[in-house]
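Let me begin by presenting the structure, written as structure tokens, before commenting on it.
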Amino acid sequence: MQRILTINGGSSSIKFAVFEEAGPGRVLEGAIERIGLSDASLWMKGQGPDVFRQIVVPDHETAVAVLTESIDFGALAAVGHRVVHGGQRYSKSHPITEIMLDDLRRLGSFDPEHLPGELMLIDAFHRKFPGLKQVACFDTAFHRDLPRVAALLPIPRRFDERGIRRYGFHGLSYEFLMQELARLGDPAATKGRVILAHLGNGASLAAVCDGKPMDTSMGFTPASGLMMSTRTGELDPGVAAYLMQSENLTIEQFSHLVNHESGLLGVSGTSSDMRDLLMRETSDLCAFEAVELFCYQVKKYIGAYAAALGGIDALVFSGGIGENSAVIRGRVCEGLAFLGIELDEKRNAGNAPVISNGRVVVRVVHTDEELMIAKSVFSMLGSKIDRENENDNTRTPG
Ligand code: ADP
């Protein structure tokens, strides 16, 4: 039986899962979380008793050592990596080659927040398991055929020729959500206007018409679009110039400010975590304003995409916030009855799969990026994984 490992490396966590070709599919999964912080931890389940322990992982290098040296993944046929940026060249999943690695190293400056760390993971696995097939699954691939008008940035043309345009991200999640819509028999999966809202620490929306991606809120990098847990999202370029000058910031300091000190954390002044903010919002005005701003921005994007699509047939909430927070979904959808979006209070409160009672079908779907990576890797190995056999209970809650 073939086993493959999926690696989903973020800025402060590395999620992993082992899939088998047949049987229950996912046999092991876990994550190293809060890398670089004093309370970093490792959890793992599916193989023997569940594991949860605090570990010392000051950096990604150490996290990779923990992964590759202390966990027995069994005999692996391949490793699939989530890779955030494929640039113009890589528009679908692809076996990792030296040529690709050179391309991705060059692309590192497109997304210094993510790509260098991901390349380090690929290198580390290569060193530990030389000869093992590795596959890159790109978050940009879903959006590869965005209409020109959605992809073009209003800057001088010469930059477009250098690949400075909207790429869009969260593609593995969006691909999964569209496949789920189809699996659930929603006609909008192939014929209709769909808005997908992936609301997690990273957050974005995508507009899809007749199964084709038409627009998305993230741009050249994942820092654009909606405000997020610690990212600004869209920011007036005048604010960027003013801050860099008045605060005398280097590029790195500015990048840290907009990627790690802003968003929910920046506005609330206390936490990047939506649960914390919701708990405190009645007694803490800054927490309240952070939550309000987030909901307002999601609502504005839904309105914008309804306009771009000429209406809306289905709205899908996903990601840690989208899947778990009835309060946020309620506030986002409040006042959108004019678009046909009306929530059923009870079903929304229960995180039901369908939470609407209006014309637009509003769904809550638990996304599964790892499964999309696994599917790509298995199809590259010439075998298949069957969603029906997936055990949905092997994920941690929000
Ligand atoms: P990532 O983008 O890192 O994968 P997740 O998709 O896990 O992040 O989303 C994390 C966010 O989801 C956090 O802000 C967390 O507070 C929020 N979240 C999880 N559960 C709930 C809940 N029940 N209510 C509100 N927010 C929640």
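In what follows, every heavy atom counts, from backbone to side chain, and hydrogens, waters and symmetry copies are set aside. Ligands are counted one by one from 1 in listed order, and the atoms in each one are counted from 1 as well. For the single chain, residues carry numbers from 1 onward in sequence order.
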Original post:
Does G320, backbone or side chain, put an N or O under 3.5 Å from an N or O of ligand 1?
Top reply: yes
**OP:** Could you tell me whether E180 and R183 make a salt bridge, using a distance below 4.0 angstrom between a side-chain N and a carboxylate O?
**Re:** yes
**OP:** Could you tell me whether G319 and ligand 1 have an N or O pair separated by under 3.5 Å?
**Re:** no
Subject >> salt_bridge(E370, K15) N-O dist < 4.0 Å >> reply: no
**OP:** May I ask you to say whether D313 pairs ionically with R359, meaning some side-chain N is under 4.0 Å from a carboxylate O?
**Re:** yes
Original post:
Does NZ or CZ of R144 fall inside the cone over F142's six-membered ring, less than 6.0 Å from its centre and within 45° of the axis?
Top reply: no
Original post:
Considering I321, L278, V327, which one's heavy-atom position lies nearest to atom 11 (C) of ligand 1?
Top reply: I321
Original post:
Going by the atom numbers of ligand 1, which of them fall below 4.0 Å from some non-hydrogen atom of M274?
Top reply: 14 (O), 16 (O), 26 (N)
Original post:
For ligand 1, does E369 get within less than 4.0 Å through its side chain, its backbone, both, or neither, judged by non-hydrogen atoms?
Top reply: neither
Subject >> Per-atom contacts of ligand 1 with G202, taking only distances under 4.0 Å to non-hydrogen atoms >> reply: 2 (O)
Original post:
With a cutoff of under 4.5 Å between side-chain heavy atoms, which Ile, Leu, Val, Met, Phe, Trp and Tyr residues group with V354?
Top reply: V361
Original post:
Going hydrophobic residue to hydrophobic residue with side-chain gaps under 4.5 angstrom, can you get from V27 over to V79?
Top reply: yes
Original post:
Do ligand 1 and N201 have nitrogen or oxygen atoms that lie under 3.5 Å from each other?
Top reply: yes
Original post:
Going by the order shown, which atoms of ligand 1 are within less than 4.0 Å of some heavy atom of K15?
Top reply: 4 (O)
